[in-house]
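Here's the structure we're looking at; comments come further down.
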Amino acid sequence: MAMSLPMSSEATPDHFRFAGLRRPAKLLFGTPLNAALTLLFGALLFVTVPPMLRWLVIDAVLFDPDPNACRAATGACWSFIYAKSGQLLFGIYPFDERWRPAIVCLLILALLGWSVRPASWTSRLLALWVAAFALIFWLMGGGFGLAEVPTSSWGGLPVTLILTVVAIGIAFPVGILLALARRSTLPAVRVGAVLLIESVRGLPLLSILFVASIMMPLFLPEALLPDKFVRALVALTIFAAAYLAEVIRGGLQAIPNGQYEAAASLGLPFWRTQRLVILPQAIRVVIPALANTIIVMIKNTSLVLVIGLFDLISSGKAALADPEWPSPAAETFLFIGAIFFALSFSFARFADFLERRGPGAH
């Protein structure tokens with residue numbers, strides 16, 4: 001029979017309640033340095049937050065379609081974002097056809113949301129992505145019943161999403177092959193991988209984009225030359241693959257030789273050893289570094305504006321050129337920055353989930 005023990009006078013509910021209250025106070029004011037930093041940070045918030053709230057919300061123009069309302073206002077001009085949302089999100093894509101890039105954005109985001117579920121990690125996921133991108137390029141480019149829109153008229157969020165997903169999606173398996181090639185015992189394979197990786201890593205992305213956009217047309221005939229969008233996509237893919245290869249090589253070097261010996265004792269050939277034993281462990285080790293590299297690549301897609309592609313930033317600059325509005329640049333780039341932050345933060349949370357997920361979890 002269970003017996004009830006008398007509660008000690010030193011462990012009453014009030015004791016635990018006040019102990020929980022004292023803990024934050026100790027963290028904030030437990031030492032002179034903590035107290036000074038707390039007061040300094042509190043003063044900084046007191047000075048900056050009220051004016052920021054007044055500019056962002058209280059004195060802001062929210063949905064007034066009249067540009068003169070923004071000129072007279074002392075706060076943010078969010079009505080510009082509201083009025084120009086189509087141009088900001090879809091760039092110079094034909095106005096009557098903007099339903100197509102809208103569907104493309106929703107489709108990519110829905111597929112990304114579906115793909116982060118562990119239950120969806122099957123062999124059919126790759127086929128789903130291939131079919132989805134065939135549909136995406138048909139919707140964006142037209143043909144077969146839709147008005148044709150050249151890639152020079154694509155812009156905004158669809159361009160950013162397509163460049164990000166395709167470049168990283170192709171660069172990841174290419175990076176794995178490059179990492180394995182760099183560790184190969186075959187001298188020709190190893191030297192070739194080293195030359196490619198170090199050459200790409202030794203150049204800034206801007207120079208690679210310029211080579212793809214300006215130099216390539218000088219060496220290829222017009223019939224074999226892909227358009228500017230495809231050239232930028234290839235440049236981003238090669239750049240991402242070189243950096244991902246070095247990250248994955250670090251993970252491969254962290255795997256002890258006993259894992260290779262155990263796979264060899266089971267009679268597993270090289271590729272099955274890599275696929276079933278080595279690569280899952282190596283990738284898990286370098287998840288933080290992989291996440292950092294991919295987040296950098298998400299933001300690097302904005303560099304395509306220098307070769308004339310209308311990504312989100314280019315669309316924002318084009319919208320700001322409207323003489324009827326007072327060019328609210330801060331609001332525009334805050335809106336664009338919020339989109340990039342949402343993409344980067346979402347992937348960072350997904351990487352954190354993968355890192356915390358046990359190797360045997362399902």
Side-chain angles (χ1 to χ4, degrees), residues 78 80-117 120 125-171 227-230 232-233 236-237 240 294-295 297-305 308-320 331-350:
W78 299 119
F80 175 82
I81 306 299
Y82 176 73
K84 295 289 186 178
S85 58
Q87 186 176 358
L88 290 171
L89 291 175
F90 308 125
I92 57 175
Y93 205 89
F95 181 80
D96 294 336
E97 303 291 331
R98 284 181 178 172
W99 59 273
R100 289 154 57 179
I103 292 177
V104 166
C105 292
L106 293 175
L107 180 58
I108 293 176
L109 293 175
L111 280 172
L112 289 173
W114 175 266
S115 300
V116 300
R117 300 169 56 253
S120 67
L125 184 61
L126 177 60
L128 179 62
W129 272 103
V130 172
F133 265 95
L135 176 62
I136 284 167
F137 280 102
W138 171 64
L139 285 171
M140 292 294 294
F144 301 102
L146 293 177
E148 293 189 6
V149 179
T151 55
S152 58
S153 297
W154 297 9
L157 184 59
V159 168
T160 298
L161 290 176
I162 291 172
L163 289 175
T164 299
V165 173
V166 175
I168 293 174
I170 298 176
D227 64 23
K228 188 180 293 186
F229 183 85
V230 176
L233 186 57
L236 286 169
T237 302
I294 291 175
I295 288 172
M297 285 305 304
I298 292 173
K299 294 179 287 187
N300 277 347
T301 56
S302 62
L303 294 177
V304 298
L305 66 91
L309 291 181
F310 272 78
D311 71 319
L312 269 173
I313 295 180
S314 301
S315 301
K317 288 184 174 181
L320 288 171
E331 295 88 329
T332 301
F333 289 111
L334 278 174
F335 174 73
I336 294 171
I339 295 176
F340 275 105
F341 175 80
L343 294 174
S344 302
F345 183 78
S346 299
F347 185 81
R349 293 304 92 203
F350 173 60

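Because only heavy atoms are used, hydrogens play no part in the values below, and waters and symmetry mates are left out as well, while side chains stay in.
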Practice task
Would you give the length of the straight line joining atom CG of Leu312 to atom OG1 of Thr160, rounded to the nearest 0.5 angstrom?
Solution key: 4.0 Å

Handout entry: Separation of Ile294 CD1 from Phe347 CZ (nearest 0.5 Å)
Key = 3.5 Å

Problem - Polar side-chain atom of Thr164 near backbone of Leu161 as donor-acceptor pair, under 3.5 Å - result: no

Handout entry: side-chain contact (heavy atoms from CB on, under 4.5 Å) between Asp311 and Thr301, intermediate numbers included
Key = CA-CA 8 Å; Asp311 71 319; Thr301 56; 5.7 Å; no

Practice task
Find out whether Cys105 and Phe90 are in side-chain contact, i.e. whether some heavy atom of one side chain is under 4.5 Å from a heavy atom of the other.
Solution key: yes

Exercise for the section: Kindly indicate whether the side chain of Leu107, heavy atoms from C-beta on, has any atom under 4.5 Å from the side chain of Leu135. Expected result: yes

Problem - Nearest-0.5 Å distance that lies between atom CG in Leu111 and atom CD1 in Ile136 - result: 6.5 Å

Problem - Main-chain N/O of Phe310 paired to Trp154 side chain as donor or acceptor, under 3.5 Å - result: no

Practice task
Answer yes or no for Arg349 and Phe345: cation-pi contact, defined as NZ/CZ to six-membered ring centre under 6.0 Å and angle to ring axis within 45°.
Solution key: yes

Exercise for the section: Looking only at non-hydrogen atoms, find the nearest pair between Ile295 and Ala348 and report the distance. Expected result: CD1-CB, 3.9 Å

Exercise for the section: Nearest 0.5 Å please: distance from the OG atom of Ser302 over to the CZ atom of Phe340. Expected result: 5.0 Å

Handout entry: Minimum heavy-atom distance between Ile298 and Ser344, given as atom pair plus value
Key = CG2-OG, 4.1 Å

Practice task
Answer whether the closest heavy-atom distance between the side chains of Val149 and Arg100 falls below 4.5 Å.
Solution key: yes

Fill in the blank from the handout: Heavy-atom closest pair (Ala167 atom, Thr237 atom, distance to 0.1 Å) is CA-OG1, 3.4 Å

Problem - Rounded distance [0.5 Å steps], CD1 in Ile313 versus CG in Leu305 - result: 6.0 Å

Practice task
Measure from the side-chain N and O atoms of Ser315 to the backbone N and O of Gly155, and report whether any donor-acceptor pair falls under 3.5 Å.
Solution key: no

Problem - Nearest heavy-atom neighbours spanning Glu97 and Ala147 - result: OE2-CB, 4.2 Å

Problem - Straight-line distance of Phe229 CZ to Met140 CE, nearest 0.5 Å - result: 7.0 Å

Handout entry: Leu303 vs Leu236, side-chain contact (heavy atoms from CB on, under 4.5 Å): CA-CA, chis, key distance, verdict
Key = CA-CA 10 Å; Leu303 294 177; Leu236 286 169; over 6 Å; no

Exercise for the section: Let me see the working for Phe333 and Leu320 under side-chain contact (heavy atoms from CB on, under 4.5 Å), right down to the final yes or no. Expected result: CA-CA 10 Å; Phe333 289 111; Leu320 288 171; 3.9 Å; yes

Completion exercise
Shortest non-hydrogen pair, Leu125 vs Ser120, comes out as CB-O, 3.5 Å

Exercise for the section: Of all the heavy-atom pairs spanning Ile81 and Glu331, show the shortest one and how long it is. Expected result: CD1-O, 3.8 Å

